[in-house]
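The shown structure was predicted, so the numbers you read here are calculated from the model rather than taken from an experiment. A, B, ... follow the sequence lines: proteins, then strands. Residue 1 opens every chain.
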Protein chains: 4
Amino acid sequence: MTDRRARRHDPGRRDRLIDAARRVIAERGVAGTTHREIARAADVPLGSTTYHFASLDEVLAEAFGRHAAAAADVFDERLGAATDRDSAIEAVIALIRDDLIGSPNDLVMAVELYVAAARNPALRAVTQAWMQRSRDALERHFDPTTARELDALIEGLVLHSVLSTDPMTPEQIRHAVERYLR
Amino acid sequence: MTDRRARRHDPGRRDRLIDAARRVIAERGVAGTTHREIARAADVPLGSTTYHFASLDEVLAEAFGRHAAAAADVFDERLGAATDRDSAIEAVIALIRDDLIGSPNDLVMAVELYVAAARNPALRAVTQAWMQRSRDALERHFDPTTARELDALIEGLVLHSVLSTDPMTPEQIRHAVERYLR
Amino acid sequence: MTDRRARRHDPGRRDRLIDAARRVIAERGVAGTTHREIARAADVPLGSTTYHFASLDEVLAEAFGRHAAAAADVFDERLGAATDRDSAIEAVIALIRDDLIGSPNDLVMAVELYVAAARNPALRAVTQAWMQRSRDALERHFDPTTARELDALIEGLVLHSVLSTDPMTPEQIRHAVERYLR
Amino acid sequence: MTDRRARRHDPGRRDRLIDAARRVIAERGVAGTTHREIARAADVPLGSTTYHFASLDEVLAEAFGRHAAAAADVFDERLGAATDRDSAIEAVIALIRDDLIGSPNDLVMAVELYVAAARNPALRAVTQAWMQRSRDALERHFDPTTARELDALIEGLVLHSVLSTDPMTPEQIRHAVERYLR
DNA sequence: AATGAATGAGAGTTCATTCAT
DNA sequence: AATGAATGAACTCTCATTCAT
C-alpha cells in the first residue's frame, strides 16, 4: 500500500473515486454505497469524497454514466465488427453469451441503475442515453423496428438467464435470437 | 382515519402491514422502505412493525411474496381464459399492454425485487417461484422452449417500454409478439 | 416438550419461573435477563412472567433470594458436619475447594448480586442476609472476629481463584486457610 | 458550561469521553452506561461517542483500563513508599483503610468489571493485568505465596466491608492483616 | 386465570454532510 | 487543496409493561 502522504497532489483522484464507486455499487448495491465505502475502496480519506463531489448522488450519476458508456462501447465494438446481416446475428449472439451473461456484474449494475433512476431524474438521462446507444448500434444492421424489439429481447434474455438458477445455455440463446431474426 | 386508541385490538394488523410495505416499496423503493415508513403507511405505531416481524427483511420477503403471487394470478387468469393458440397470443398481447405496461408500479416492484434478491437469498426464492409460475402459465399453450423465450421477451418489452421516454405503442407490442409466435 | 395447553392449570409455575430466572442470570447476567428470556427458559408464554410478578425487579429479588438460600444451605451443611476445630478447618477448605471454586456459576451469581444490589435496595437485604448466614455458620466453630475475617478471606480466595487465568491449586487454598486458622 | 458551538474543534474529546464513561459506570453501573448517558456526562452530542469509538464495548474497555491503571498506581505508590516489612504492613493497612474502603466507588468499579468481564473477553485482559500489577506491588515486600494470599485477603476485606451495613473498623482491618502477616 | 397483541421509550449504530484547520 | 473531526437525523431492533380478550 502506497504511503498516504504521497497522494497529497493527486490529479487522478476524482477518476479513481468514480471507479471505486462502480466497484462498490456492483459489490454492495446502491443501498450499500456510502461515502465511507467509496473512500475505503479508493484508499483515500473520507473527506476526499465530499471534497470532489457535491453529493453522493453526483458520485452515483458519474459512476453509472461511466459504466453505461463502457457497456455501450462493448455493444458498439461487437456490432461494428460485423459486415453483413449474418455476421451481425452472430455478433448479437456472442454479445449476449460472452459479454452480458458472462459478466453478471453488468446486469447487476443495469438493474441497480433502473431502480435508482426510478427515484433520481439525473439517472434517468443516463438510462436513456444507454438505451439509445444500444439501439443505434443495432440499427447499423437492422431496421429500427427490429432493432427496438431485438434490444428488448436481449435485455429479457440476459435478465432471465442471470436471475435464474437454471441459466439458458448458449444453444438456447442462439435459438431465441435466430428465431427472431431469420 | 380511525382513532388510534380504538386499535388496541386489531386482528389482521400483520396483513395490513404487509400491504403497507408493498405500497411503500412501490412508492419509495426498497431503500426507502423503513419500519417507520411502513408504520406510517399502515397508521400503526413503530413498535408494531417489529412486534409482528422478526426483521425488516422478513417484511420485505412477505411483501414481495404477496406481490409476486398477485402478479402471477393475473398471468394465470389471462392465459387460463385462452382456448387455443390464437387466443393465447391475444392473451399475451393484452397482458403486456393492459396489465404490465399499464401498471408501471408492477415493473418497479419487479426490478426492486431483482436488486434486493441480489443481496438477500430469501428473496431469490421469491423471484424463482414467480418466474416459474409465469412459465407454467405460458406452457399451457406453448412448448417449453417457446414459453421460456417468450417469457424473456415479455420481460424485455415491458422493461424497455416502461423505462423509455418513448414507450412502445400497442401496435409495436403486437408486432413484436406476433413476429415471435407466428 | 410437553403440550403447552396442558399447563393451563399450573400451580408450580411461579416457582419454575424463579428457577428459570436463576439460570438466565447465571448464563446471561442480570443485563441479559429479560421477561422474554425467562419465559423462554421456563417454556411458558411471555405474558406469564408479568402475570406472576409485578415487575422484573421482583423476579430478580426472588431469584437471588433463592440462590442465596441455597448457597447458605451448603455452607451450613459443611460446617454443621464438623465436630471440632480441626474438622471445621477441613470443612472450610473443602467448602472453598469443592463447592465454591468448583461451581463458578455461584461466583458469577454472587458478583451479579453485588452489582445489582448497588442500585437496588431490595437486593441489598438479600446480600446482607446471605452474609449473615455465612458468618453464623462459621461462628459455630470460631469466635466472631475470626469468623468475620475468615468469611472475607474465603470470598477473596474464591474471587481471585475463579477470575484468574491461573487459578489457585487445592494446596494453595489449604495453605492460605491454615495459615490463618492455626 | 461552555457554549456547545464553541466545541466544533475539540482536541482531547476522546479522552474526555473515556473519563465521562468512568463516571457513568461508577454512578449507574455498566447496565446504565449508554452512549447517550456518556455523551450527556461529557456534554457532547450523541454522534460524537460513536465517532470516537467503534462500539460501546470499546468505550467500556478503555474506561475500565484507565480505571485499573489509576487504581494500580495507588497500590504501587503505597507499597513503593515502604522500606521494610513493618512499613509494608502499615502500607497495606493504610491502603485498605484509606484508599480502598474510603472510596467505595472503586469497589463498585471493580465489581462492575468482574461482571462485565464474565461476558466480554476484552475486559478479561484488563482484569488480569490489574490483578497482576497488584501482586507485583506486593511482591516487592512479600514472597509470592504470601503476596497472592494477601491480595485475595485484601479483596475480601474490602468487599465485605463496603457491602456490609456494619463495615469493618480500622482496628478490625489492622487485626486481620497483622494476623496474617506476623 | 391466563395470554398474545400492542405500545412507547430507548438502545446501539450508520451516515451525509459541514466545518475548522 | 485537502482532511479528520464533528454533528444531527434516521436507522433497526429490544423490551418492560399494559391491556383486551
Side-chain angles (χ1 to χ4, degrees), chain A residues 4-5 7-11 13-14 31-39 44-59, chain B residues 4-14 31-39 44-59, chain C residues 4-5 7-11 13 31-39 44-59, chain D residues 4-14 17 31-39 44-59:
Chain A
R4 271 278 184 86
R5 280 164 304 175
R7 296 262 188 62
R8 203 75 195 199
H9 246 341
D10 184 359
R13 177 171 292 190
R14 195 170 187 281
T33 301
T34 66
H35 280 134
R36 279 158 181 81
E37 212 61 47
I38 296 168
V44 302
L46 168 60
S48 194
T49 61
T50 51
Y51 176 74
H52 286 286
F53 301 91
S55 74
L56 192 55
D57 275 357
E58 187 183 318
V59 191
Chain B
R4 268 279 185 84
R5 281 163 305 175
R7 293 276 184 61
R8 187 81 210 206
H9 178 61
D10 183 6
R13 176 173 289 190
R14 196 171 186 280
T33 300
T34 67
H35 280 135
R36 279 162 178 78
E37 213 60 46
I38 295 168
V44 301
L46 170 59
S48 192
T49 62
T50 53
Y51 173 75
H52 285 285
F53 302 92
S55 71
L56 192 54
D57 274 358
E58 188 183 317
V59 192
Chain C
R4 273 274 184 87
R5 279 163 306 176
R7 296 262 188 62
R8 204 73 196 201
H9 245 340
D10 184 0
R13 175 170 295 188
T33 301
T34 66
H35 280 135
R36 280 158 183 79
E37 212 62 46
I38 296 168
V44 303
L46 167 60
S48 193
T49 61
T50 51
Y51 177 75
H52 287 285
F53 302 91
S55 72
L56 192 55
D57 275 356
E58 188 184 319
V59 191
Chain D
R4 269 280 186 84
R5 279 163 305 174
R7 292 277 184 61
R8 186 80 209 207
H9 178 61
D10 183 6
R13 176 173 291 189
R14 196 173 186 279
L17 282 168
T33 301
T34 67
H35 281 134
R36 281 160 180 81
E37 212 61 46
I38 295 169
V44 300
L46 168 60
S48 192
T49 61
T50 53
Y51 174 75
H52 284 286
F53 303 91
S55 71
L56 191 56
D57 275 357
E58 188 183 318
V59 191

Worksheet entry | Sequence neighbours excluded, every pair satisfying salt bridge (Lys or Arg N to Asp or Glu O under 4.0 Å) that has a member inside residues 46-59 of chain C | Arg14(C)-Glu58(C)
For a quick test of your reading: what N or O donor-acceptor pairs under 3.5 Å do the side chains of residues 32-39 of chain D make, sequence neighbours left out?
{"unit_1": "Thr33(D)", "atom_1": "OG1", "unit_2": "Gly29(D)", "atom_2": "O", "d": "2.7"}
{"unit_1": "Thr34(D)", "atom_1": "OG1", "unit_2": "Arg36(D)", "atom_2": "N", "d": "3.4"}
{"unit_1": "Thr34(D)", "atom_1": "OG1", "unit_2": "Glu37(D)", "atom_2": "N", "d": "3.0"}
{"unit_1": "Glu37(D)", "atom_1": "OE1", "unit_2": "Arg40(D)", "atom_2": "NH1", "d": "3.3"}
{"unit_1": "Glu37(D)", "atom_1": "OE2", "unit_2": "Arg28(D)", "atom_2": "NE", "d": "3.1"}
{"unit_1": "Glu37(D)", "atom_1": "OE2", "unit_2": "Arg28(D)", "atom_2": "NH2", "d": "3.4"}
{"unit_1": "Glu37(D)", "atom_1": "OE2", "unit_2": "Arg40(D)", "atom_2": "NH1", "d": "3.3"}

Identify each atom pair where a protein N or O and an N or O of nucleotides 10-13 of chain E are less than 3.5 Å apart, giving names and distance.
{"unit_1": "dG12(E)", "atom_1": "OP2", "unit_2": "His35(D)", "atom_2": "N", "d": "3.0"}
{"unit_1": "dG12(E)", "atom_1": "N7", "unit_2": "Arg36(D)", "atom_2": "NH1", "d": "2.9"}
{"unit_1": "dG12(E)", "atom_1": "O6", "unit_2": "Arg36(D)", "atom_2": "NH2", "d": "3.1"}
{"unit_1": "dT13(E)", "atom_1": "OP2", "unit_2": "Leu56(D)", "atom_2": "N", "d": "2.9"}

Interatomic distance where [atom1] belongs to [X] and [atom2] belongs to [N] [whole Å]:
X: Phe53(B); N: dA6(E); atom1: CZ; atom2: P; answer: 11 Å
X: His52(C); N: dT17(F); atom1: NE2; atom2: C1'; answer: 16 Å
X: Asp10(D); N: dT21(E); atom1: CG; atom2: P; answer: 11 Å
X: Tyr51(B); N: dA9(E); atom1: OH; atom2: C1'; answer: 18 Å

Worksheet item: In dot-bracket, 5' to 3', how would DNA chain F read with Watson-Crick or G-U wobble pairs under 3.5 Å, [ ] for crossing ones and | for pairs to another strand?
Response: .||||||||||||||||||||
Discussion item. If the cut-off is 4.0 Å, is Ser48(C) near the phosphate of dA2(E), judged by side-chain N/O to OP1 or OP2?
Written reply: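 Result: no.
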Fill in: dA6(F) phosphate, OP1 or OP2, under 4.0 Å from Arg14(D) side-chain N/O
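Answer no for this pair, as no side-chain N or O of Arg14(D) is under 4.0 Å from OP1 or OP2.
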Discussion item. Would you compute the distance between atom OG1 of Thr49(D) and atom CG of Leu46(D) and round it to the nearest 0.5 angstrom?
Written reply: 5.0 Å
Item to complete: Compare all side-chain heavy atoms of Val44(D) with those of Leu17(D) and state whether any distance is below 4.5 angstrom.
Response: yes
